[in-house]
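Chain A is the first sequence line, chain B the second, and so forth, proteins listed ahead of strands; every chain is numbered from 1.
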Amino acid sequence: MSTHILKYESQRVAKLYFIAAMGLFAGQILFGIGLGLQYLLGDLLFPYIPFNIARMVHTNLLIVWLLFGFMGAAYYLIPEEAETELHSPRLAIALFWIFLVAGALTIVGYLTLPYAKLAELTGNELLQTMGREFLEQPLPTKLGIVVVALGFLYNISMTVLKGRKTAISLVLLMGLWGLALMFLFSFVNPHNLVRDKMYWWFVVHLWVEGVWELILGALLAFVLVKTTGVDREVIDKWLYVIIAFALMTGILGTGHHFYFIGLPGYWQWIGSVFSAMEPIPFFMMTVFAFNMVQRRRREHPNQAAILWAVGTSVLGFLGAGLWGFIHTLSPVNYYTHGTQITAAHGHLAFYGAYVLVVITLISYAMPTLRGRVANSKQAQNVEMWSFWIMTIGMATMVLALTGAGILQVWLQRMPTDGAMGFMATQDQLRFFYWIRVVGGVTFLIGQFAYFASFFIGGDHVLSEDQAPALGGGGILRRAPARQRMD
Amino acid sequence: MSQTAGGFTKQMARNIFYGGTAFFALLFIALVFHTERRIPERSNAQAITPAVVAGKKIWETRNCIGCHTLLGEGAYFAPELGNVYKRRGPDFIKGWMKAQPTHVEGRRQMPQFNLSEQQLDELVEFLKWTGEINTEKWPPNIEG
């Protein structure tokens with residue numbers, strides 16, 4: 001086995017993070033299916049796991065596993081980009097266990113204690129931050145996240161400072177520092193609900209439609225540099241243009257959450273105009289990924305990683321871009337705000353942009369962490385199948401929720417008088433909710449296939465010279481384009 | 001080496017990123033400052049009594065947002081509560097909360113939170129105040 005496959009020994013810490021991320025991802029999907037069933041069988045698991053608790057576990061697991069994924073990705077990527085060992089692998093491992101134990105205790109707390117009791121026991125009185133969507137974590141957990149984030153940022157920043165500074169690592173660092181900075185707003189909870197909601201979006205929106213896009217762009221660019229061999233100058237330029245558009249549209253795009261929560265009416269104009277442009281960077285990301293793959297200078301043996309990368313760019317555009325756009329204009333959002341349309345968009349956006357980019361990185365990095373350039377053809381086939389099964393499962397869910405949302409708007413929101421009540425409307429949506437569960441179970445099967453792909457043997461690609469022997473890749477198998485665009 | 005003279009360079013792209021981000025971040029901050037000054041009037045801030053504050057805390061520590069929406073934000077499992085005071089009135093809200101869970105088979109269940117009479121009143125005060133916020137006429141109708 002060649003040892004040069006992994007360029008820096010300290011990149012190994014990433015493996016722990018990736019494994020934990022995948023474990024939590026599995027938990028997220030199980031709870032998701034439980035929630036989907038509770039939409040149909042209202043008293044399922046009641047009173048043991050009420051809907052609000054299950055949802056909190058579902059969404060918090062998502063956030064935490066994506067954070068694990070981002071951190072693992074950074075620990076893998078930064079040494080390679082900086083061309084130096086990680087500042088402190090021991091700190092990275094210590095923080096891993098702190099974060100995992102704190103996360104696990106939080107989930108156990110959610111599931112075993114009444115939420116009010118948990119708030120009381122964890123000192124919510126000192127600084128009331130709990131009970132707001134996605135930011136339900138008890139105060140010690142929130143403080144723990146800050147400590148872990150600071151230690152992590154210290155570690156990777158020191159690594160970059162002592163090594164080579166590439167555009168990819170700088171953009172990743174900016175994204176991660178931004179993530180930590182914006183999280184500080186989770187400690188801001190004014191008595192005035194309107195103010196509370198406004199600052200709440202500083203965390204939620206400026207994460208997923210702001211600084212996280214920097215992380216997304218950097219990770220995607222890294223995998224494309226590695227797998228296509230396209231010149232860094234070209235990839236860096238794309239990266240900067242994409243993130244420039246992401247923040248130039250996304251920052252004022254925050255306004256699309258400010259329409260109906262008590263803030264001035266001018267946000268309807270600002271939010272509509274700027275968020276309508278938010279699909280642009282996602283569309284550019286799609287063009288970017290296809291373009292780089294077409295102009296590739298080498299056939300990388302890890303075709304699965306390339307599929308995930310292209311998949312991220314396409315589904316990120318569909319979920320964050322297109323499904324965001326359909327309800328982002330304020331006259332439309334007036335009717336769709338807080339309906340199943342929002343749920344449809346949220347699911348596809350998170351899957352397309354963030355779930356897939358983390359898996360892209362894992363798919364590229366994990367074989368190298370296991371001493372291979374790429375997995376065997378059989379293992380990659382299962383992995384590629386898992387992409388399609390998960391994606392079809394997600395598409396089924398999203399189309400079902402979109403159908404549910406349209407009907408909900410029609411029955412409950414459009415009529416000026418004699419509109420149907422919330423619960424009566426829900427009864428009319430049962431058909432769509434069943435389809436959604438089917439989609440969810442399909443997704444779970446795809447996820448299982450993905451995990452299984454790690455255990456499939458065969459002839460793994462152990463050195464770079466073996467590379468061109470491998471087939472597969474479907475749409476990506478076209479010959480590299482000859483002409484250059486720039 | 002891929003750069004041709006006079007073309008769009010990586011440095012230009014980077015400058016657009018830094019310049020554009022800084023410009024829009026500052027514009028956003030300026031707008032938020034302006035919005036801050038409008039919030040008291042738009043939210044009837046003078047009507048935020050200690051009961052409203054206590055009610056908000058009850059709302060949060062029971063994780064109500066995990067099932068309901070409030071001004072359209074939250075989970076989509078149970079009805080919108082931003083306008084529930086207008087839709088149902090205070091007595092219904094209190095009676096409803098005392099009667100939970102309904103135990104009707106197959107129906108969505110709301111937990112029993114065992115709130116005291118005073119806590120119920122505080123929660124109602126919070127929902128009443130929330131219903132007075134200027135939400136640009138949202139929701140479209142009383143059903144929320």
Side-chain angles (χ1 to χ4, degrees), chain A residues 39 41-43 46-47 50-53 55-56 115-116 119 124 128 130-133 136 191-195 197-198 231 233-234 236-237 240-241 243-244 247-248 251-252 254 259-265 268 270 334-335 337-340 343 412-413 415-416 419-423 484 486, chain B residues 1-4 7-10 13-14 16-17 20-21 24-25 27-28 31-32 35 38-39 42-43 45 48 53 56-57 59-67 69-80 101 105-109 111 113 130 133-136 138-141 143-144:
Chain A
Y39 260 89
L41 316 166
D43 53 354
F46 188 86
F51 183 90
N52 63 338
I53 302 297
R55 183 181 194 263
M56 186 161 68
Y115 192 70
N124 192 51
Q128 290 167 28
M130 290 173 71
R132 292 170 306 147
E133 198 185 1
E136 298 92 346
H191 290 317
N192 188 325
L193 180 73
V194 176
R195 241 186 217 114
K197 281 177 173 291
M198 181 172 80
D231 192 34
E233 260 323 275
V234 180
D236 288 353
K237 190 163 62 178
Y240 276 124
V241 173
I243 61 171
L247 294 190
M248 289 190 299
I251 292 173
L252 287 187
T254 314
Y259 298 160
F260 312 118
I261 60 170
L263 300 179
Q268 299 202 24
I270 298 166
Y334 182 68
Y335 293 103
H337 181 51
T339 64
Q340 295 297 327
Q412 186 194 324
R413 289 281 172 82
T416 39
M420 198 179 262
F422 179 88
M423 284 311 297
R484 305 190 60 101
D486 54 333
Chain B
M1 66 180 177
S2 66
Q3 302 308 320
T4 49
F8 181 67
T9 64
K10 171 182 157 184
R14 192 187 57 201
I16 292 172
F17 167 67
T21 301
F24 284 104
L27 187 55
F28 182 68
L31 285 163
V32 166
T35 294
R38 299 275 309 277
I39 287 176
R42 295 187 57 93
S43 61
I48 302 177
V53 173
K56 181 170 186 275
K57 192 177 141 198
W59 166 269
E60 287 167 356
T61 52
R62 270 64 181 180
N63 194 27
C64 307
I65 204 87
C67 289
T69 49
L70 191 65
L71 307 187
E73 296 171 354
Y76 321 116
F77 190 67
E80 163 67 30
E105 214 181 303
R107 297 295 291 181
R108 296 180 191 176
Q109 298 293 313
F113 292 105
T130 302
I133 293 169
N134 179 349
T135 57
E136 302 286 317
W138 191 91
N141 62 53
E143 295 300 342

In terms of the angle between their ring planes, are A:Phe260 and B:Trp138 parallel, tilted or perpendicular, with boundaries placed at 30° and 60°? parallel
Greatest number of heavy atom pairs closer than 4.5 Å to chain B - which of A:Tyr335, A:Tyr259, A:Tyr115, A:Tyr240: A:Tyr240
Taking side chain as everything from C-beta outward and backbone as N, CA, C, O, which of these in A:Met130 sits under 4.5 Å from a heavy atom of chain B? Side chain, backbone, both or neither. backbone
Portion of A:Pro47 that has a non-hydrogen atom of chain B nearer than 4.5 angstrom: neither
What one should report as the nearest heavy-atom pair of A:Asn52 and B:Asn63 is ND2-O, 3.3 Å
Within a strict 4.5 Å, meaning less than it, do heavy atoms of the B:Leu71 and A:Lys197 side chains meet? yes
Using a 4.5 angstrom heavy-atom cutoff, name the option from B:Cys67, B:Ser43, B:Gly74 with the most pairs to chain A. B:Gly74
Would you mind telling me which of B:Gly144, B:Pro101, B:Ala45, B:Pro139 has the largest number of heavy-atom pairs within less than 4.5 Å of chain A? B:Gly144
Rounded at 0.5 Å granularity, tell me how far NZ in B:Lys56 sits from CZ in A:Arg132. 6.5 Å
In terms of heavy-atom pairs under 4.5 Å with chain B, which of A:Thr416, A:Leu41, A:Thr254 leads? A:Thr254
Which one of B:Thr35, B:Thr21, B:Leu31, B:Ile133 has the most heavy-atom pairs closer than 4.5 Å to chain A? B:Thr35
Heavy-atom pairs under 4.5 Å with chain A are the metric here; pick the option from B:Ala75, B:Cys64, B:Ala25, B:Gly20 that has the most. B:Ala75
Answer whether the closest heavy-atom distance between the side chains of A:Pro50 and B:Gln109 falls below 4.5 Å. no
Residue A:Ala119 versus chain B: region with a heavy atom under 4.5 Å: side chain
Atom group of B:Arg14 that falls short of 4.5 Å from chain A, counting heavy atoms: both
Max heavy-atom pair count under 4.5 Å with chain B, selected residue of A:His191, A:Glu133, A:His337: A:His337
Tell me, for A:Asn124 versus chain B, whether the close heavy atoms (under 4.5 Å) come from the side chain, the backbone, both or neither. side chain
With the side chain counted from C-beta on, respond yes when B:Ile16 and A:Met248 share a heavy-atom pair under 4.5 Å apart, and no when they do not. yes
Do you know which of B:Arg42, B:Glu80, B:Glu143 has the most heavy-atom pairs with chain A at a distance under 4.5 angstrom? B:Arg42
Can you tell me how far apart CD1 (B:Ile65) and CZ (A:Arg55) are? Round to the nearest 0.5 Å. 8.5 Å
On the 0 to 90° scale, with breaks at 30° and 60°, tag the B:Phe77-A:Tyr39 ring pair as parallel, tilted or perpendicular. perpendicular
For the pair B:Arg107 (side chain) and A:Gly42 (backbone), establish whether a donor and an acceptor sit closer than 3.5 Å, ignoring hydrogens and angles. no
Bottom line for A:Ile251: the part with an atom under 4.5 Å from chain B's heavy atoms is both
Engaged part of A:Met420 at the chain B interface, taking heavy atoms whose separation is under 4.5 Å: backbone
Could you tell me which portion of A:Arg195 (side chain, backbone, both or neither) has an atom closer than 4.5 angstrom to a non-hydrogen atom of chain B? both
Just give me the residue among B:Val32, B:Asn134, B:Leu27, B:Ile39 that pairs up with chain A most often, heavy atom to heavy atom, under 4.5 Å. B:Ile39
Mind ranking A:Leu252, A:Ile270, A:Val241, A:Ile53 by heavy-atom pairs under 4.5 Å with chain B and telling me who comes out on top? A:Leu252
Against chain B, label A:Gln412 side chain, backbone, both or neither, depending on which of its atoms sit under 4.5 Å from a heavy atom there. both
Pairwise distance CD1(A:Ile243) to CZ(B:Phe17) - rounded to 0.5 angstrom: 3.5 Å
Looking at A:Ala419, is its backbone amide N or carbonyl O close enough to the side chain of B:Asn141 to form a donor-acceptor pair, meaning the two atoms are under 3.5 Å apart? no
